[in-house]
A.B. asks: 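My questions will all concern the structure given below.
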Amino acid sequence: MWSLGFLAFLGVAAAEDGLNGWLRYASLPCSGQCRSNLPSTIVTLNTTKTSPVYVAGTELKIGLKGVYGKNVQVTHNKCKVSSSIIVGTIDQYRRSCGAVNGVPDLEEDGFWLNTKGDNVQIFGQNERGALYGAFEYLSMLAQGNFSEVSYASNPSAPIRWVNQWDNMDGSIERGYGGPSIFFNNGQIVQDLTRVAEYARLLASIRINAVVINNVNANATLLDPTNLDGVGRVADIFRPYGIQVGLSLNFASPQTYGGLSTFDPLDASVIEWWSNITAQVYERVPDMAGYLVKADSEGQPGPQTYNRTLSDAANLFAKEVKPYGGIVMYRAFVYNQLNESIWTDDRAKAAVNFFKDLDGEFEDNVVIQIKFGPIDFQVREPASPLFANLFNTSMAIELQVTQEYLGQQSHLVYVAPLWKTILDFDLRVDHQPSLVRDIVTGKRFNRKLGGSAAVVNVGTNTTWLGSHLSMSNLYAYGRLAWNPADDTQEILQDWIRLTFGLDRKVLDTITRMSMESWPAYEQYSGNLGIQTLTDILYTHYGPNPASQDNNGWGQWTRADQTTIGMDRTVANGTGYSGQYPDEIAAMYESIESTPDDLLLWFHHVNYTHRLHSGKTVIQHFYDSHYTGAETAQGFLEQWESLQGKIDTERYNHVRHFLDYQTGHSIVWRDAINNFYYNLSGIPDQAKRVNHHPWRIEAESMKLDGYKTYNVSPFETASGSVAIVTISNNTAGTASTKIPFPSGTYDLAVNYYDLFGGQSQWKVYLNDRKIGQWTGNSEDIFSHTPSIYLDGHSATRIKFRNVKVRRGDILKIVGMPNGTEPAPLDYVALLPAGIID
Ligand code: GCU
């Protein structure tokens, strides 16, 4: 029998629910040199329990016990102990223990880690830095890394924030990990245990502030009881070196305060905000600052009174300045547009609104700019606003929550996408001007700068809704600290910390993750046409038509012969002219525009040839097939890890990847059918609209089922599905199998709607071979749909089914609630065929 210790050693430890994220401190073997390398005492140079240095001591103790089973005492302020870990600020060390050699000057929040010699030294420039150093050392230990190191690490920028889009009722806008850990029923929750656990995760990736409420802000957060609650939340975060910030609703003085106006220049309004700010700082003396979304998507703003965005930002900046706070003012300001005007372009909005205000902002205002000019699409060029503000501090806004990228039901490691932006050289004044150097303040000598990511963790024990998505949160923190880091190396640290040190586990999850964003791009929107999801509903499944013919400005301008936004100066919206000369010239010309952004900048025929030699339309078809095929591989790769990962997480991830295999095919077929239907140009490889192994539900013998025209049409095979005639009587669809006798995987495409939990049973010659329930709304993380569409379309697979030609395949669907047991088609897949 294997002992428990041995199993743990293999990394196949007890079931895990994900709550500890990458801070599991899972047991590793340790003997000989490892034992002698382990310190026997932890010395922390602060005795205050709520200080980050004290927390660092506790964390080190938990880590050493968890990873190497070693009980280590924590003592305080005794610096002359040998074989110890000494953690504190550099000043605390000098005061208590005397001079220290070889430590370079540290920047704010920076740390020094030295494992050479008798003691491990972890010194922060401040307490927060000391805690970061402790987590760095623990990360090494938890990865079995005993290298002798001695180095300083400093942040690239002071702003390393996360934004929660939590609403006061406990829901989370674009959140896929369950309800809020902060709010419920209009108030701050009483039990803040999860907040403390979140703080620990955030501190370990060096996040220093969290804005806890939605940018679409509710003014009732400002009521005294709720502000008391904010005070409690801040008390939980503070020991982890994390400050709290608040999103404001610009109209609060009127809607909540009862004034007749919210004009930012009105004296009564200014006084009102002063008073509120004083109340906030009374409870949270170190409040990080305010985040403001104004004049955007229906949110009130200064434009109501013909005031400028800088009038608005400066109003708050002046209020928080005496307390050391900052204002993050979002650049996400745009109006509804008219697609019949060729030059209208939402992508131009940020530069149009902000460029002329450069230099008008107070020095504690930071403009928070989404990475691309539209809205977190699967690929966008870098926002040109980064190259248009020289006297204004900026931060880049990223999304950990995968709003447009599969909502955590698809594996998408997003860090490589962020990297395309951070590493992009905007060539301001013909000088190197990497976005990462601009936002960190280096390029234009700004003191403030950095990044903010929309994270949206919830009460789900996986935090984000799925285990693998946590790589994105981890990577965000690492890149906020050092945007020059390599995304694969970051990923591999996360894998070792999350799933253990097994080589195959490391290689497999690395491969899947690194393939995942390219695959998602391939089976969603290619060549810079954007994600092609349903922008008018849940932002999840395919619906390319939803991009056009509305005022939102996420247009593709696709018609029967052409597609793409002409954003050139010569003939289009003029957007490319918002970039510095070299970049503008590159995008202006179709020859020098990279293929992957062609349709972002140019309006071309479907038959236009890319640099790759393919036509645009054939590229669409091929990419969708390649991307969906890659996604099928994720499941196989994961299954090769069975036994190497605890059962709970193995099964959870497996279930998600299985779902992704099916939904990537929904994407593939929907997009390909849509453009085939529009252009009439056939796929050279004869795959699109040609599915030899399918049997359409509508062509089966139906009893209690009727046909249903699905909208959008491309989200059903052949545009038609079947639904039960009544909402409480089962329907039956049956057919004779027309394929040669053999062993097949049986795929059934159906729709899983919100509003009911239908049950389906599959029979072969009256022998039941499988059944399932339409309960994905309770299992997966994405926003469910109440319609038969690209969000609800899904596939279940029964493997290795032996059939004979002429066998009768029958599916019985029992409707439930408003879900009429919908079916699209069945496919019998011979080995190696995806159809
Ligand atoms: C997107 C998102 C909204 C969000 C907005 C924002 O449009 O869909 O839910 O409020 O961005 O960033 O403000």
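Residue numbers start at 1 and run along the sequence shown. Computed from a prediction, not measured in an experiment: that's the story for all the values here. Remember, it's 1-based here, ligands and their atoms both numbered in the order they're listed.
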A.B. asks: State, without any angle test, whether Asn314 and Ser310 hold a side-chain donor-acceptor pair at a distance under 3.5 Å.
C.D. replies: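 No, because no side-chain N or O of Asn314 sits under 3.5 Å from a partner of the opposite role on Ser310.
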A.B. asks: Do ligand 1 and Lys370 have nitrogen or oxygen atoms that lie under 3.5 Å from each other?
C.D. replies: yes
A.B. asks: Would you say the side-chain atoms of Arg567 and Ser576 include a donor-acceptor pair closer than 3.5 Å?
C.D. replies: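 No pair is found: no donor N or O on one side chain lies under 3.5 Å from an acceptor on the other.
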A.B. asks: Is there at least one pair of N or O atoms, one from Arg330 and one from ligand 1, spaced under 3.5 Å apart?
C.D. replies: yes
A.B. asks: Using a 4.0 Å cut-off to any heavy atom of Val215, which atoms of ligand 1 qualify?
C.D. replies: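 Result: 13 (O).
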A.B. asks: Gln299 side chain to Asn249 main-chain N or O, any donor-acceptor pair under 3.5 Å?
C.D. replies: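 Between the backbone of Asn249 and the side chain of Gln299 there is no qualifying donor-acceptor contact (under 3.5 Å).
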A.B. asks: Should we say atom CG of Asn185 is surrounded by more than 12 heavy atoms from elsewhere, each under 6.0 Å from it?
C.D. replies: no
A.B. asks: Where's the contact between Phe376 and ligand 1, heavy-atom distance under 4.0 Å: side chain, backbone, both or neither?
C.D. replies: neither
A.B. asks: Tell me, which protein residue and heavy-atom name are nearest atom 2 (C) of ligand 1, and how many Å apart are they?
C.D. replies: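 Going by distance alone, atom 2 (C) of ligand 1 is nearest to Glu403 OE2, 3.2 Å.
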A.B. asks: Can you tell which part of Asn214 has a heavy atom less than 4.0 Å from ligand 1: side chain, backbone, both or neither?
C.D. replies: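 Neither; no heavy atom under 4.0 Å.
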A.B. asks: Which residue owns the protein heavy atom closest to atom 5 (C) of ligand 1, what's the atom, and how far is it?
C.D. replies: Glu297 OE1, 3.3 Å
A.B. asks: If you count the atoms of ligand 1 from 1 in the order shown, which ones are under 4.0 Å from a heavy atom of Asp375?
C.D. replies: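 Once the distances to Asp375 are compared, the set is 1 (C), 7 (O), 11 (O).
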A.B. asks: Decide whether Asn472 and Tyr413 meet the rule of one side-chain donor and one side-chain acceptor closer than 3.5 Å.
C.D. replies: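 There is no such pair between these side chains.
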A.B. asks: Do you see a donor-acceptor pair shorter than 3.5 Å between the side chains of Ser466 and Ser469?
C.D. replies: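 Ser466 vs Ser469: donor-acceptor pair found between side chains.
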A.B. asks: Hey, which atoms in ligand 1 end up nearer than 4.0 Å to a heavy atom of Glu173?
C.D. replies: 3 (C), 4 (C), 9 (O), 10 (O)
A.B. asks: Only heavy atoms of Asn216, strictly under 4.0 Å: list the atoms of ligand 1 that pass.
C.D. replies: 10 (O)
A.B. asks: Suppose I only count heavy atoms of His539 and a 4.0 Å limit; which atoms of ligand 1 are within that range?
C.D. replies: 8 (O)
A.B. asks: Just to verify, which of Arg174, Glu403, His791 counts as forming a side chain to side chain donor-acceptor pair (under 3.5 Å) with Thr538?
C.D. replies: His791
A.B. asks: Sub-3.5 Å donor-acceptor pair from the side chain of Asn550 to the main-chain atoms of Ser546, do we have one?
C.D. replies: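 At least one qualifying donor-acceptor pair exists.
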A.B. asks: Check Val454 against ligand 1 and report side chain, backbone, both or neither, counting heavy atoms closer than 4.0 Å.
C.D. replies: neither
